[in-house]
Structures are given as C-alpha cells and as structure tokens.
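Letters A, B, ... are given to chains in the order of the sequence lines, protein chains preceding strands, and every chain is numbered from 1. No experiment lies behind these values; they were computed from the predicted model shown.
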There are 2 protein chains.
Amino acid sequence: MSAKKTSLKDIAQRAGVSMALVSYVLNGKEKESRVGQEIAGKIKQIAEELHYQPNHLAKSLRSGKTHTIGLIIADISNPFFANIARVVEDEAKRNGYTVIIGSSDENAEKSRDLLNVLINRQVDGFIIVSSEDSAEQVRDLQEKNIPFVLLDRYFPDIQTDFVSTDHYKAAFNAGAHLVKNGYRRIGMIAYDSQLFHMQERIRGYVEALTGNNVPFQKHWLKQIRISTIEQGVKAAIDEMLAMEQPIDSIVFATYSLAISGLKYINELRLNVPTDLAIVSFGQAEAFDLYYCPITYVKQPIGLLGKTAVEFLMKKLKHPQAEPSQILMDAELIIRDSSKTKQLVHT
Amino acid sequence: MSAKKTSLKDIAQRAGVSMALVSYVLNGKEKESRVGQEIAGKIKQIAEELHYQPNHLAKSLRSGKTHTIGLIIADISNPFFANIARVVEDEAKRNGYTVIIGSSDENAEKSRDLLNVLINRQVDGFIIVSSEDSAEQVRDLQEKNIPFVLLDRYFPDIQTDFVSTDHYKAAFNAGAHLVKNGYRRIGMIAYDSQLFHMQERIRGYVEALTGNNVPFQKHWLKQIRISTIEQGVKAAIDEMLAMEQPIDSIVFATYSLAISGLKYINELRLNVPTDLAIVSFGQAEAFDLYYCPITYVKQPIGLLGKTAVEFLMKKLKHPQAEPSQILMDAELIIRDSSKTKQLVHT
DNA sequence: TTTAGTTGCTTAATCGTTTAAGCTGATTAT
DNA sequence: ATAATCAGCTTAAACGATTAAGCAACTAAA
C-alpha cells in the first residue's frame with residue numbers, strides 16, 4: 001500500500017526543525033531568511049529522499065493564486081479551436097500554468113456555467129472565445145475584476161484585452177481574390193450571428209465586391225442559423241443556384257459551413273471550381289484532401305494562442321494596466337478551388 | 001471595485017452565528033445537525049444576498065477530494081481524441097467533476113510531466129490514452145494507489161481498468177472486407193510501435209488475410225516511425241507500388257497515416273479505388289469529403305468516453321474493487337474507396 | 001426532585017502551506 | 001560593561017472550509 005504523501009511537517013520532524021525552516025529552504029528563500037547552510041542541505045536531502053511534492057491546494061489557498069487558467073472555447077470539435085487549445089496549453093505550461101479547457105458549444109448558457117465552475121475553482125484568469133449573447137458575461141467578469149483575454153472574437157463596444165485575427169481584412173482579401181480571378185457573382189454563406197467577427201467577415205466580403213466594381217446583391221448573402229447548419233446550407237446553395245443569374249463562387253465564413261457545403265456540392269455532382277469556385281475560412285486536412293484543394297483563410301493559430309497567453313500573463317501581473325489589443329493578419333492560401341475562371345463558349 | 005469574495009465567516013457574522021452552523025445549513029445537513037428552522041432560513045437568505053460561492057480549494061484541502069480528473073490523451077489535434085475529450089468532459093460534468101486535459105503528443109516524457117503536474121494538483125483520478133513506453137508510468141500509478149482508467153490503449157500484461165475498442169477484430173473486419181471485395185494484394189501502413197493496440201491492429205490485418213486464403217507477404221506490411229510520418233508514408237507507398245506484384249489496396253492503421261497517405265496518393269494521381277483501394281482507421285470530415293469517400297473503422301467514441309468516466313467513478317467509490325475491463329466493437333463504415341474490384345482486361 | 005434526553009448552538013482542531021514577528025545567544029561597537 | 005546588531009531558529013496566525021465534541025437550557029420521565 002502506498003505510504004501517505006509527505007508534507008512539510010514530515011520533513012520538519014525528520015530534520016528536527018520547524019516547518020517554517022523547511023518552507024523557506026524549499027522555496028529558495030534560504031538567503032533572505034538566514035537559514036544555516038548545514039541545515040538547509042539536510043532539509044533538501046530529506047525532501048529528496050521522501051519524494052516531497054508540495055500540495056498545490058494548500059499553496060493556492062494560502063496565496064490566493066492557483067496558477068491555473070480557464071480556457072473557454074466555442075467548440076472543441078472544430079480543428080481550429082482544438083489547435084488553439086493545444087497552443088494555449090503548451091504556452092501556459094511554459095509559464096508554469098495549468099489550463100482547464102471548457103467547450104461552450106456556441107451556447108451562452110453553457111458558457112456561463114463553465115465560467116462559474118471555473119471561478120469557484122479559483123482560476124487566476126480566463127482566455128475566452130466568446131459565444132453568441134455572452135457580452136453580459138464579459139461585463140460580469142470585468143465587474144468582478146477577474147482577469148481575462150478574449151481570443152478570436154471580441155466586442156467592439158467593450159474595452160477589453162483581446163487577440164484576434166483581422167476578420168474584415170481576411171474576408172476582404174478572400175472576396176477580392178475571387179474578383180481578381182474573374183468571378184462576378186460571388187455568394188457568401190455565413191452564420192446568422194451578431195458576433196462581431198462574423199459581422200466583420202460579412203462586411204469584408206461585401207466591401208471586397210463593391211470596392212472592386214462588382215455591385216453586391218443582397219440575395220448573394222445567406223445567413224444560416226447555427227442550430228440547423230446542414231439544412232440551412234443546403235437551402236442556401238439551392239437558392240444560389242436557382243437564381244436567374246446563378247452564383248459562380250462561394251465564400252464560406254466558417255469551417256463547419258464549408259464542410260456541410262462541400263458535402264452537398266458533392267452530392268449535387270457540381271464541379272469545383274468550374275461550376276462553383278470556393279474560398280473558405282478555417283483550415284483542416286479536409287481542405288487539402290478535397291479533389292480540388294480548397295483555397296482558405298489561414299489564421300495564425302500559433303501566434304494567436306501564444307499572444308493570448310502572453311497578454312493574460314501581463315494582465316495577471318498588472319491588473320490595472322491598459323488593455324492590450326491586437327489584430328493579426330490572416331494569410332490567404334490559394335489553391336485550385338478558386339483558380340482563374342475559364343470562360344466557356346456558349 | 002469588486003467586493004472581496006464572501007466566505008462562510010462573512011455569512012456567519014452577518015447572521016450572528018458560528019461558521020459551523022452556516023456550513024451545516026449550506027451543505028443541507030440541517031436535519032442531522034439539528035439546526036433551527038428560523039436561523040436556517042436566515043442563513044440561506046444571507047448566503048443568497050451575498051452571492052456566496054464556496055471555495056473549492058478549501059473544500060478540497062479539507063476533504064482530500066478535488067472532484068477533478070486528469071485526462072491525458074495522446075494527441076489533441078487528432079479529431080478522434082478531440083471528440084473523446086469532449087465526451088469525457090461532458091460526462092464528467094454530469095457527475096460533478098471537472099476535467100483537466102493534457103496532450104502527451106505520443107511522448108512518454110511529456111506524459112510523465114503531465115502526470116506529475118496533475119498529481120500535484122491533487123486530481124482524484126486519471127483517464128489515460130497511453131503513449132509509447134509509458135507502461136512504467138502506469139505501474140507507478142498503481143503503486144501510488146492513484147485511481148485511473150486506460151482508454152483506447154491498454155497493456156495486456158498489466159492488470160488495470162480499461163475501456164478499449166477491440167482493435168484486433170476491427171482490423172480483421174477491415175482486412176476481410178477487402179478480401180471479400182476481390183482485393184488480393186493488401187498492404188498495411190502502421191506505426192512502428194510496441195503499443196498493444198497497434199500490434200492488435202496488425203495481427204487483425206494479417207489474420208484477415210491468412211484466414212481468407214490470401215497468403216500474407218511480409219513486405220506488404222510497412223511500419224512507420226511516428227516522428228517521420230510524412231516521409232515514411234511516402235516511402236512505404238513507393239515501395240508497395242514498385243513491387244513486382246504491386247499492392248492493390250491499403251489498410252491505414254491510423255487517421256494520421258491515412259491523411260498523409262491520401263495526400264501522397266493524390267500527388268501521384270492514382271485513382272481510388274481502381275488503382276488502390278483504401279480502408280482506414282479513424283474518422284473525420286476529410287474521409288467524407290474525399291472525392292471517393294473512404295471506408296473507415298468507426299470507433300464508438302461516445303460510448304468509449306462515457307464508459308471510461310463510469311469506470312473511473314466506480315473506481316473512486318470502491319478503490320479496491322476488481323478492475324473493470326471492456327472491449328467494444330468498432331463499426332466498419334463501407335464507402336466507395338473499397339468497392340468491389342473491377343477486373344480489367346489485359 | 002432528580003435523572004435522562006433533546007434541542008440548538010459554539011468551540012476548536014484539521015487539511016498543508018506561507019510568512020510576519022519574536023526569541024536566544026553570540027559578536028561587535030561604544 | 002552595556003548596548004546594539006546579527007545569525008539562526010521557532011511560534012503562531014492565516015487561507016476557507018468541515019466536523020467531532022461539548023455546553024447550556026429546556027422538557028419529560030421516574
């Protein structure tokens with residue numbers, strides 16, 4: 001049977017000294033606290049022998065710091081977020097922090113639950129990919145003075161720390177790229193969401209058209225309810241193709257939309273890009289393996305994650321500092337799914 | 001500025017009673033502890049007003065239970081594991097547990113680090129997807145009497161709780177399916193790993209051939225080092241095709257191998273399934289979107305995750321009980337990538 | 001009238017740390 | 001000779017909860 005875990009007390013007893021001394025030594029405070037060389041050595045040795053491992057709970061209770069951060073993401077099964085999680089975890093570890101991940105599944109209620117659970121667990125701060133209708137939660141955190149950094153999605157009318165891609169610019173580039181390659185009837189399938197990043201992607205797309213002499217038509221933009229992606233996307237594509245002047249290309253505003261869309265496009269036996277050119281947000285193996293590799297917006301995942309952790313660390317050190325905010329550029333990875341339009345003779 | 005968090009003491013003071021009473025009431029022990037109706041009501045009300053949230057650290061320190069479980073998975077960027085993580089998280093939450101996820105990246109050292117960090121944090125138990133060379137770590141846990149359940153991968157010569165797919169049977173079915181559909185030169189690309197689940201997949205594949213009158217040839221089996229997937233897979237495929245009697249079909253033993261393999265097959269402009277039929281382990285959008293949808297082994301992710309949590313809960317309640325072990329059946333999802341071989345006239 | 005039992009509450013130890021404050025004896029300064 | 005300084009240690013409170021044990025006042029039984 002396993003011996004009980006060794007505590008400071010055990011070491012103190014063995015060494016015949018008080019717990020205080022042991023604590024000082026094992027925290028490297030021998031100098032400041034004037035601990036004798038000899039006894040310090042002895043303590044260290046005994047700690048070693050007994051495989052002493054400090055109890056984080058007790059430490060945290062005393063210090064008020066858990067060295068734990070809560071990461072709330074919108075959907076762990078989305079490879080973009082899964083990879084963000086990985087980066088954040090690694091980076092946090094490098095800073096001596098542990099991460100507790102929670103997936104809100106794009107659901108404000110679940111997100112609030114997660115926040116509460118993690119606040120109870122005394123996490124030191126949060127990194128959050130906000131879900132719809134969660135502005136209130138963000139304000140709550142501010143009122144409670146709980147440090148946090150918003151990741152990928154932020155609220156323009158709330159002053160917070162955030163790290164995000166420049167969604168507007170990314171969408172603009174995606175749209176402009178299609179125009180440049182000869183497409184003139186460019187649709188977008190997006191979520192029906194008030195979240196700012198989605199609005200920005202839509203705005204970027206619209207302005208890419210209008211800014212390049214392609215008058216935007218309202219019915220080119222389809223906004224899908226997040227709860228019914230599958231049917232929504234099908235209906236949207238059907239409509240886009242049934243128009244008098246059918247769409248010749250689609251920008252998908254997210255990875256999940258693209259997956260649903262491409263499946264349906266396959267079902268319809270449409271050819272990419274001759275029947276329909278495609279550009280999508282998100283990135284994943286699926287895009288590489290598609291018979292015609294998909295042009296996509298590549299967000300700087302590593303940098304996003306690292307910077308979010310960095311900002312949070314800064315915030316933890318200086319809670320009253322001005323918010324740090326940064327918008328990063330996405331890269332448009334150009335593949336065959338959007339290649340220059342071949343004019344067909346009629 | 002935020003008022004300090006309210007503690008039992010605050011409530012006690014306001015109510016003019018001792019902390020003990022407050023604790024009894026808020027833990028629903030009013031009856032056993034003979035707390036007066038009146039004061040109980042008052043306490044509850046004050047707790048409400050002050051938005052009392054118990055401090056988990058203190059609770060845990062006292063009780064020795066953190067209601068936290070550590071989930072160590074081999075690779076969070078693999079969709080199979082990401083989904084497992086999601087299921088485990090949900091199921092744990094339903095049981096009142098929080099999950100701390102760590103990705104070992106198939107690396108024994110990282111896995112050991114994670115274990116140590118989480119043990120320090122006093123997690124109550126672990127769910128582990130073991131990585132190579134981590135048998136020692138498993139034995140350590142047993143010696144320390146730390147409850148854990150192995151998930152997806154287990155060690156046949158260590159008596160532990162585990163929840164796994166029947167990898168042998170799954171691979172056997174995959175191989176037999178190819179034989180049945182007319183393929184006779186069936187290759188396998190697997191990892192060069194001693195992990196039992198990989199050995200079982202290989203064994204299943206081999207026996208599917210020999211058991212169905214297709215004499216297995218040693219050079220049909222390629223084992224790739226996990227550190228060099230990309231090149232390894234390319235070389236393997238090259239060799240398979242350069243044989244005097246080239247391979248006509250491949251079983252990929254994991255999702256990552258399949259992704260690399262399919263990319264290369266695309267590069268080579270080979271047609272699936274006419275040039276090369278494919279069956280793979282793992283599941284993901286990529287397989288659905290492939291121009292010729294990929295036949296794959298679908299593991300019962302939801303059930304695996306739920307059962308792992310269930311087993312761990314059981315273990316936490318009855319640490320000395322006999323290990324619970326279960327092997328679940330995978331389902332072979334048959335698509336076009338392995339469809340009946342068309343004989344070509346020579 | 002004593003005894004026993006019940007009700008409603010408080011006291012204080014405990015979990016494993018950290019750390020300010022205090023104590024002792026030796027050395028140095030005046 | 002006395003005071004001040006310093007090195008090297010100990011004491012004890014605190015973090016926020018839980019809970020066994022005990023105490024006082026009252027009721028009911030003998």
Spacing of [X] atom [atom1] relative to [N] atom [atom2], expressed in whole Å:
X       : N      : atom1 : atom2 : answer
B:Glu32 : D:dT19 : CD    : P     : 11 Å
A:Ile43 : C:dT17 : CD1   : P     : 14 Å
B:Leu61 : C:dA13 : CG    : C1'   : 13 Å
B:Gln13 : C:dT10 : CD    : C1'   : 15 Å
B:Leu50 : D:dG16 : CG    : P     : 14 Å
B:Arg34 : D:dA25 : CZ    : P     : 16 Å
A:Lys9  : D:dT11 : NZ    : C1'   : 14 Å
B:Lys5  : D:dA17 : NZ    : C1'   : 13 Å

query = How far apart are the C-alpha atoms of B:Asn78 and B:Ile73, what are their side-chain angles, what is the distance that settles it, and do they pass the side-chain contact (heavy atoms from CB on, under 4.5 Å) test?
reply = CA-CA 10 Å; B:Asn78 179 324; B:Ile73 58 188; over 6 Å; no

message = Does either side chain, that of A:Ser103 or that of B:Glu89, offer a donor lying less than 3.5 Å from an acceptor on the other one?
response =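 The answer is no; no qualifying pair exists.
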
Any donor-acceptor N/O pair, [X] side chain to [Y] backbone, under 3.5 Å:
X       : Y        : result
A:Glu91 : A:Ala308 : no
B:Ser60 : B:Lys65  : yes
A:Asn27 : A:Lys29  : no

request  = Using only side-chain N and O atoms of A:Lys29, determine if any of them is under 4.0 Å from OP1 or OP2 of C:dT19.
outcome  =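 Checking A:Lys29 against C:dT19: at least one side-chain N or O falls below 4.0 Å of OP1 or OP2.
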
Nearest-nucleotide comparison on DNA chain C, the residue closer to the 5′ end among B:Ser33 and A:Ser63 =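 Here B:Ser33 is the residue nearer the 5' end.
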
Sequence neighbours excluded, every pair satisfying salt bridge (Lys or Arg N to Asp or Glu O under 4.0 Å) that has a member inside residues 300-321 of chain B =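 Every salt bridge (Lys or Arg N to Asp or Glu O under 4.0 Å) pair that includes a residue of residues 300-321 of chain B, provided the two are not neighbours, is B:Asp161-B:Lys315.
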
inquiry  = By the 4.0 Å heavy-atom rule, please label A:Leu57 as base, sugar-phosphate, or nothing.
reply    =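 Nothing: the residue A:Leu57, judged by heavy atoms under 4.0 Å, touches no strand.
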
ask   = Where along residues 16-25 of chain B does a heavy atom fall under 4.0 Å from DNA chain D?
value =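 Those residues whose heavy atoms fall under 4.0 Å from DNA chain D, taken from residues 16-25 of chain B in numerical order, are B:Met19, B:Ala20, B:Ser23, B:Tyr24.
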
message = Using 30° and 60° as the class boundaries, would you call the ring planes of A:Tyr154 and A:Phe196 parallel, tilted or perpendicular?
response =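 If you compare the ring of A:Tyr154 with that of A:Phe196, the planes turn out perpendicular.
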
